[in-house]
Every structure is written in C-alpha cells, then in structure tokens.
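Below is one structure, written out as structure tokens; comments come after it.
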Amino acid sequence: MAIVTGSDGITPREGWSSRTAFVLAAIGSAVGLGNLWRFPAEAGANGGGAFVLFYILCVVLIGLPVLLSETLIGRYGQSSAPESVRRMATESGASRHWDVLASIGVLSALLIVSFYCVVGGWVLYYIGVFAADVVQTGIGGGAFEGRDPAEIEGLLPGLFGNGPLMIGLDAAFLGVTLYFVARGVKGGIEKVAVWMMPAFFVLLLAITVYGAFGGAFRESAVYLFTIDFSKLTGPVMLAAVGQAFFSLSLGVATMITYGAYVGRDVNLAGTSGTVGFADTAVALVAGLCIFPIVFAAGLAANAGPGLMFQTLPHAFQTMPGGSLVGLLFFVMVAFAALTSSVSLLEVPTAWMKERFGIRRGVSASVIAAMAMVLGALAALSFNELGDFHPLGFVPLFEGQGVFDVLDGLTSKLFMPIAAILTCVFVGWIADRRLIDAENGLEGGLHRIWLLLVRWLCPLALIGILLVGIFPSLTA
Ligand code: TRP
C-alpha cells in the first residue's frame with residue numbers, strides 16, 4: 001500500500017478510514033444546534049411552508065456549490081486550510097495571499113468553538129437536571145412532577161446567574177471535544193462521528209415517533225408546511241439563505257480541513273450531495289420532533305432562544321415518561337453539538353500543528369486553552385461581566401457582551417466574507433484544470449455548478465453580509 005505523506009514529505013498523512021467515515025464526520029459537523037433549534041424557530045417565525053421550500057432551494061443552489069468548493073480545495077491541497085488554498089493559488093499562478101480566506105476561517109473557528117462549548121455546557125446542565133429527575137421521581141409520570149412550570153422555565157436564567165457553574169460546564173464540554181481532537185483523525189474525530197451520528201439519528205426518530213402520539217402532529221405539520229407564498233418577502237428569503245449557509249457550516253474552513261483527509265477515489269460532488277440532503281432532512285425532522293411536543297402541552301412555539309431550553313422542558317412536564325424522554329432529548333442534542341465542536345476545534349488545530357511542526361495533542365491543547373479563556377469571558381458576559389462591551393464603540397456591536405460579540409463577529413462578518421472569497425477564488429481565480437480534476441461533476445451539471453459559484457452564490461452571500469451589517473435594510 002502506498003503511504004501518502006504529509007506536507008513535509010516524511011510523516012504519513014492523516015486521513016479518513018473510509019468514505020462513510022468522512023460523510024458521517026461532515027454530517028456531524030453540519031448537524032448541530034442550527035438544525036435542532038434554529039431551523040424550527042426560523043421556519044415558524046417566517047411563515048412555515050414557503051420558508052421551508054425556499055430554504056431547500058437555497059441549500060441546493062447556494063449551499064451545495066460552496067460546500068463542494070470548500071471540500072475540493074482541501075482535497076487538492078492535502079494540508080491545513082490556509083496551506084491548501086496557498087497551494088492551489090500558487091499552482092494557478094495567483095497570489096498566495098488568497099489564503100486569507102482560510103485564515104479568516106481558522107480565526108472564526110477558534111472564536112465559534114469558544115462560545116459553542118458554552119452552549120454545549122448548557123446542554124450538559126439539562127442532561128444533569130433530567131437525570132436527577134429520573135433518579136428522584138422515576139420514569140412513570142411527567143418530568144418535574146409537582147414543581148411549578150415557572151420554576152422549570154427559571155432554570156435557564158438561574159444557570160445564567162451562576163458564572164462559575166457555566167465556566168465549569170464549558171470546561172467539561174471543551175475537555176471532551178479536546179480529547180477526541182487530540183486523538184487524531186482516525187482515532188478520535190472519526191470515532192466520535194461514527195458512533196454518535198447513528199445514535200443521534202435513532203434518538204431523533206424515536207423521540208419524533210413518541211411525540212407524534214401526543215396528538216399534535218397534524219397541527220405541527222400544518223404549522224411547518226402550509227405554503228403561503230405571500231409570506232415570502234425579501235427579509236424572509238434572506239433569513240432562509242443565512243440559515244442554509246449556517247446549517248451547512250460554510251465559511252469556517254471546516255470543509256476545507258475535512259476535505260484534506262479525503263482519498264483521491266472519492267467523488268466529492270456525491271458526498272456533498274449526501275451531506276446537504278442529510279442536514280436538510282434532520283432540520284425538517286427536528287421540526288416534526290419538537291413542535292408536536294410543544295403544541296401537545298398547549299405552549300407557544302415562537303419563544304426564540306427559549307424554545308429548546310425553556311418551553312421544551314416545560315412541555316416534558318405533562319408528557320408520560322417526560323423525564324426519561326427529556327433526558328434522551330438532551331443527550332441527543334449533546335451528540336449533535338459535540339460532533340460540531342470537534343470539527344471546529346480541528347480547523348485551528350490542524351493549522352497550528354502544521355505551521356509550527358508540533359504534535360497534534362500539543363496544538364489541540366494550546367487552541368483549547370485559548371478557547372477556554374474566551375469561553376470563560378463569554379460565560380461571564382451573562383452575569384459578572386454583563387456590563388463589559390468589548391466592541392461597544394462599533395455601532396454593530398453596541399451594548400453587546402463577549403458572547404454576542406463572538407457570535408455576531410463570526411456569523412455576520414467573518415463567515416460571509418470568507419465564503420464570498422471562496423466563491424471568487426474557486427469560480428474565477430483558480431486554474432480550471434485543477435478544479436475540474438477534483439470536483440466529480442460532468443457535463444451540464446458541471447456548467448451549472450460553475451455558473452452558481454461564479455454568480456449566484458457570491459451575490460446571495462453579499463446580500464447576507466449587507467443585511468448583517470445594516471440590519472435596518474430588512475426593517
Ligand atoms: N452547522 C452548525 C449547526 O447547524 C453550526 C455551525 C456553523 C458550525 N458553522 C460551523 C459547526 C462550523 C461546525 C463548524 O449547528
């Protein structure tokens with residue numbers, strides 16, 4: 001067997017053990033809180049069916065072309081994200097500084113993983129709360145029997161008031177993430193995806209079937225899928241583009257990084273299609289999982305950020321076996337979040353490992369330490385540091401704490417900018433022969449893909465960027 005070597009030409013390069021392992025890891029990265037919480041909330045708020053239809057169109061026309069572009073850069077370059085772009089750029093006779101599109105991704109991934117693990121910590125907290133309830137009251141009745149719903153909804157503000165607890169939970173979630181990243185592509189990143197993604201699918205389907213017996217499945221399907229095109233306004237369309245883009249984890253160089261571990265024999269167009277399909281299917285099923293439970297309890301589905309952490313625990317109170325189902329639900333969420341945080345930590349880890357020629361474990365630990373500092377500041381922005389507004393002098397970030405600044409900076413600025421540069425680079429700058437050799441598309445499909453990457457994708461992304469910077473555009 002030929003040993004593929006790394007950029008130093010000596011060390012064997014890391015890689016996935018199979019196509020399936022790569023596909024599961026990429027799906028694991030894409031499937032996260034964006035599917036479970038953000039998609040149902042957005043679909044509900046933006047008029048249901050028309051939004052869902054347009055969202056699917058965005059995934060196909062904008063998400064998939066960019067997903068394929070990122071993955072093919074990675075496989076061509078066989079290195080960390082910035083080095084992969086640099087290789088493709090130099091080989092195409094273009095400036096090596098195109099690597100900035102990946103450097104922005106490396107920085108974004110660090111910033112995102114910092115606050116993503118804080119949210120992962122909240123999920124751990126709810127696992128603990130439901131587990132304690134299973135132990136105390138058994139699994140016969142609903143969750144939290146005899147306790148006031150206001151007390152249950154108050155758990156989240158209670159957690160937000162406790163800085164040290166939030167930091168501890170953040171450290172636990174980040175620690176688990178670090179453990180798997182430090183163990184390498186085959187030994188850790190892939191293991192976590194191959195075990196947790198199938199478990200995730202089983203749990204999602206089981207809870208959906210269970211929720212359907214609560215009597216509100218029809219109502220939920222109507223809520224999600226009734227098509228009313230008059231609701232498809234400009235802002236709603238941009239919300240759909242933004243959600244598609246976020247849900248597929250684009251603009252953070254994750255797919256460039258993961259693409260570098262893919263073998264030459266894999267058809268990247270095929271795997272991109274599979275990842276896009278699975279991510280969309282999970283989002284739709286998540287809606288059909290969460291809404292029936294919420295509606296059966298007679299609660300409102302438009303609570304925004306509170307939907308998953310407040311409305312849903314409240315709804316489990318009235319469901320038979322609610323404490324066990326609630327526990328399983330949050331375990332499922334933790335699986336989805338962990339496969340995403342692993343992919344995020346891997347981006348800067350791969351870069352630092354290659355850049356300084358250090359071992360993976362060292363590089364991952366250094367990055368995790370930085371994420372821990374930022375994460376602690378983000379956790380404290382809900383309590384002790386509530387009045388600290390690091391970018392308060394910038395209108396876009398006025399009055400925002402560390403958590404919101406990390407989120408806004410990445411999702412509103414860095415991610416769209418990196419994705420626009422990716423489209424321009426792949427569509428216009430890179431040598432056609434290099435691109436064509438990697439992408440696995442032929443004939444008409446290939447021409448359509450190129451057209452989308454050159455025109456539609458960058459234009460749609462510029463739309464997201466402008467709305468992000470000037471929210472008043474959609475008001
Ligand atoms: N796609 C993830 C979700 O749906 C969130 C996300 C955005 C992400 N960008 C990412 C995850 C980059 C990993 C890497 O929740």
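Both counts, for ligands and for their atoms, begin at 1 and track the order of listing.
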Cationic N near anionic O, under 4.0 Å, Arg355 to Glu83: no
Geometry only, no angles: is Ser343 polar-contacting ligand 1 at N/O separations under 3.5 Å? no
Over 12 foreign heavy atoms within 6.0 Å of CZ, Arg183: no
In the protein, which heavy atom is nearest to atom 7 (C) of ligand 1, and how far is it? Phe246 O, 3.4 Å
With a cut-off of 4.0 Å, which atoms of ligand 1 are near a heavy atom of Ser247? 1 (N), 4 (O)
Glu438/Arg264 ion pair, N-O < 4.0 Å: yes
Can you confirm if the aromatic rings of Tyr125 and Phe330 lie within a centre distance of less than 6.0 Å? no
Given that the side chain starts at C-beta and the backbone is N, CA, C, O, which of these parts of Ser29 lies under 4.0 Å from ligand 1, counting heavy atoms, or is it both or neither? both
Around atom CH2 of Trp428, are there more than 12 heavy atoms from other residues, nucleotides or ligands closer than 6.0 Å? yes
Is the number of heavy atoms from other residues, nucleotides or ligands under 6.0 Å of Tyr179 OH greater than 12? no
Report yes or no: do Thr257 and Glu346 form a side-chain donor-acceptor pair below 3.5 Å? no
Counting only nitrogen or oxygen atoms and a 3.5 angstrom limit, does Tyr116 reach ligand 1? yes
Can you list the ligand 1 atoms lying under 4.0 Å from a non-hydrogen atom of Leu33? 15 (O)
closest protein heavy atom to atom 15 (O) of ligand 1 is Gly34 N, 2.8 Å
Pair Thr422-Glu70, side-chain donor/acceptor within less than 3.5 Å: no
Shortest protein contact, atom 4 (O) of ligand 1 (heavy atom only): Ala30 O, 2.9 Å
The closest protein heavy-atom partner of atom 14 (C) of ligand 1 is Leu344 CD2, 3.2 Å
Between Gln400 and His389: side-chain donor-acceptor atoms closer than 3.5 Å: no
Over 60° means perpendicular and under 30° means parallel, so tell me whether Phe115 and Phe403 are parallel, tilted or perpendicular. perpendicular
Note: ligand 1 atoms sitting under 4.0 Å from heavy atoms of Ser340 are 11 (C), 13 (C)
Any nitrogen or oxygen of Met415, side chain or backbone, less than 3.5 Å from one on ligand 1? no
Ser249 versus ligand 1: do any nitrogen or oxygen atoms come within less than 3.5 Å of each other? yes
For Asn35, atoms of ligand 1 separated by under 4.0 Å from a heavy atom: 4 (O)
Within a distance under 4.0 Å of any heavy atom of Thr254, pick out the atoms of ligand 1 and give their elements. 12 (C), 14 (C)
Using a 3.5 Å cut-off on N or O atoms only, is Leu250 in polar contact with ligand 1? no
